[in-house]
Amino acid sequence: MISCRHLTKRYGAATAVEDLSFDVRSGVVTAFLGPNGAGKSTTLRLMLELDHGEGVTTFDGTRFRDLPDPIRTVGAVLETRAWHPGRSAHDHLRMLAVGGGVPQPRVDEVLALVGLADVAHRRPKGFSLGMAQRLSLAVALLGDPKVIVLDEPENGLDPQGIHWLRTFLRDLAAQGRTVLVSSHQLAGIETLADDVVVLGRGRVLAQGPLTAFVAGVGADRLEDAYLQVTAESMEYAGGADHA
Ligand SMILES: Nc1ncnc2c1ncn2[C@@H]1O[C@H](COP(=O)(O)OP(=O)(O)OP(=O)(O)O)[C@@H](O)[C@H]1O
């Protein structure tokens with residue numbers, strides 16, 4: 001389980017996220033939703049202590065900096081295409097495995113898990129966005145972590161890829177892992193996620209079981225509930241008030 005308490009991040013005078021508190025349960029997939037600029041990526045960076053801010057995030061009670069074996073506890077991908085241009089996908093994972101004390105056979109295992117075994121010795125710079133997403137997922141899974149955090153992993157995947165990814169993430173959750181996934185693809189999220197955390201303008205607008213969220217605002221579908229609660233939080237809505 002992940003617990004975030006009072007996460008706040010300011011860029012100069014601008015507040016990106018303010019006093020965010022929410023929990024992410026184990027054994028289910030949680031969708032992290034919100035309009036452009038709502039603060040999802042900022043929050044994920046704060047959670048993983050990749051950025052300085054206020055507040056505390058714990059993973060089963062322990063802060064990221066205090067985890068004895070972070071690669072085996074939290075697998076996260078916040079940026080795709082963060083590859084060395086001269087290294088093959090296999091080499092990239094092998095280097096990370098060495099650095100994290102992960103046994104080498106795990107490299108081939110994760111490449112097979114994400115469907116990249118056939119292109120393992122190619123350089124990722126020539127990969128399609130979908131292949132790059134799969135490689136990112138392989139990086140996240142390298143340490144066989146209990147917690148998986150992915151920022152927009154569906155970006156660039158074709159419909160088959162999205163179907164594959166969603167089935168894969170549900171299987172990870174069914175194994176008892178904690179899976180937090182940000183997404184803008186609301187269609188089909190109902191079949192992926194059990195819980196939602198919805199951000200708008202740096203605040204938590206809703207959190208909890210997806211069905212309770214939808215019913216709670218009197219909607220029939222996630223998309224309607226989402227549009228309703230974020231109506232005032234659209235960064236690019238024409239004439240929207242940015243106060
Ligand atoms: N390095 C930065 N400097 C200044 N402002 C930033 C920086 N990074 C993010 N912000 C601002 O913080 C706010 C939250 O941005 P963030 O990228 O976390 O949102 P997001 O929900 O991930 O958006 P998207 O869905 O478009 O990826 C935005 O107003 C953004 O402009």
Tell me every residue that passes side-chain hydrogen bond (donor to acceptor under 3.5 Å, both in side chains) with Arg221, counting only those two or more places apart in sequence or in another chain. Asp224

With sequence neighbours left out, the residues meeting ring pair (Phe, Tyr, Trp, His ring centres under 6.0 Å) with Phe168 are Trp164

Note: Gly55 and Arg63 closest approach over all heavy atoms is O-NH2, 4.3 Å

Tell me, yes or no, whether the heavy-atom count around Asp66 atom CG, taken from other residues, nucleotides or ligands under 6.0 Å, exceeds 12. yes

Salt bridge (Lys or Arg N to Asp or Glu O under 4.0 Å) contacts touching residues 206-215 (sequence neighbours left out): none

Less than 4.0 angstrom from a charged side-chain N to a carboxylate O is my criterion; do Arg201 and Glu232 meet it? no

Return the CG to OG1 distance between Leu67 and Thr73, rounded to the nearest 0.5 Å. 4.5 Å

A side-chain contact here means heavy atoms from C-beta on lying under 4.5 Å apart; do Arg87 and Arg123 qualify? no

Write down the atom of Leu210, the atom of Ala193, and the distance for their closest heavy-atom approach. CD1-O, 3.7 Å

Yes or no on side-chain contact (heavy atoms from CB on, under 4.5 Å) for Leu20 and Val197, after CA distance, side-chain angles and deciding distance? CA-CA 11 Å; Leu20 296 188; Val197 175; over 6 Å; no

Looking at Leu93, Val114, Val77, which hits side chain to side chain contact (heavy atoms under 4.5 Å, CB included) with Leu135? Leu93

Separation between CG (Asn155) and NE2 (His184), nearest 0.5 Å, reads 7.5 Å

Can you tell me if CE on Met1 sees more than 12 non-hydrogen neighbours from other groups inside 6.0 Å? yes

Among Thr58, Asp19, Asp23, the one residue meeting side-chain hydrogen bond (donor to acceptor under 3.5 Å, both in side chains) with Arg5: Asp23

Residue set satisfying ring pair (Phe, Tyr, Trp, His ring centres under 6.0 Å) with Phe64, at least two apart, ordered chain then number -> none

Check for me, please, whether Val217 and Leu227 land in the same ILVMFWY cluster - side-chain distances under 4.5 Å, paths through other members count. yes

Sequence neighbours left out, what passes side-chain hydrogen bond (donor to acceptor under 3.5 Å, both in side chains) with Ser26? Give chain and number order. Thr178

Salt bridge (Lys or Arg N to Asp or Glu O under 4.0 Å) pairs touching residues 149-163, sequence neighbours excluded, are Glu154-Arg166

List, one per line, each side-chain donor-acceptor pair under 3.5 Å for residues 139-148, sequence neighbours excluded.
residue : atom : partner : partner atom : Å
Asp144  : OD1  : Arg177  : NH1          : 2.9
Asp144  : OD1  : Arg177  : NH2          : 3.1

If the condition is side-chain hydrogen bond (donor to acceptor under 3.5 Å, both in side chains), which residues does His163 pass it with, not counting sequence neighbours? none

Can you name the ring pair (Phe, Tyr, Trp, His ring centres under 6.0 Å) partners of Phe32, sequence neighbours left out? Phe22

If you look only at pairs with a residue in residues 91-110, which of them pass as a ring-ring contact (aromatic ring centres under 6.0 Å, His included), with sequence neighbours excluded? Trp83-His92

Which atom of Ala16 lies closest to which atom of Thr42, heavy atoms considered: CB-CG2, 4.1 Å

With sequence neighbours left out, the residues meeting ring pair (Phe, Tyr, Trp, His ring centres under 6.0 Å) with His121 are His90

Kindly indicate whether a cation-pi arrangement holds for Lys9 with Tyr11, taking the cut-offs as under 6.0 Å to the six-membered ring centre and within 45° of the axis. yes

With sequence neighbours excluded, what pairs up with Asp195 under the side-chain hydrogen bond (donor to acceptor under 3.5 Å, both in side chains) test? Arg25

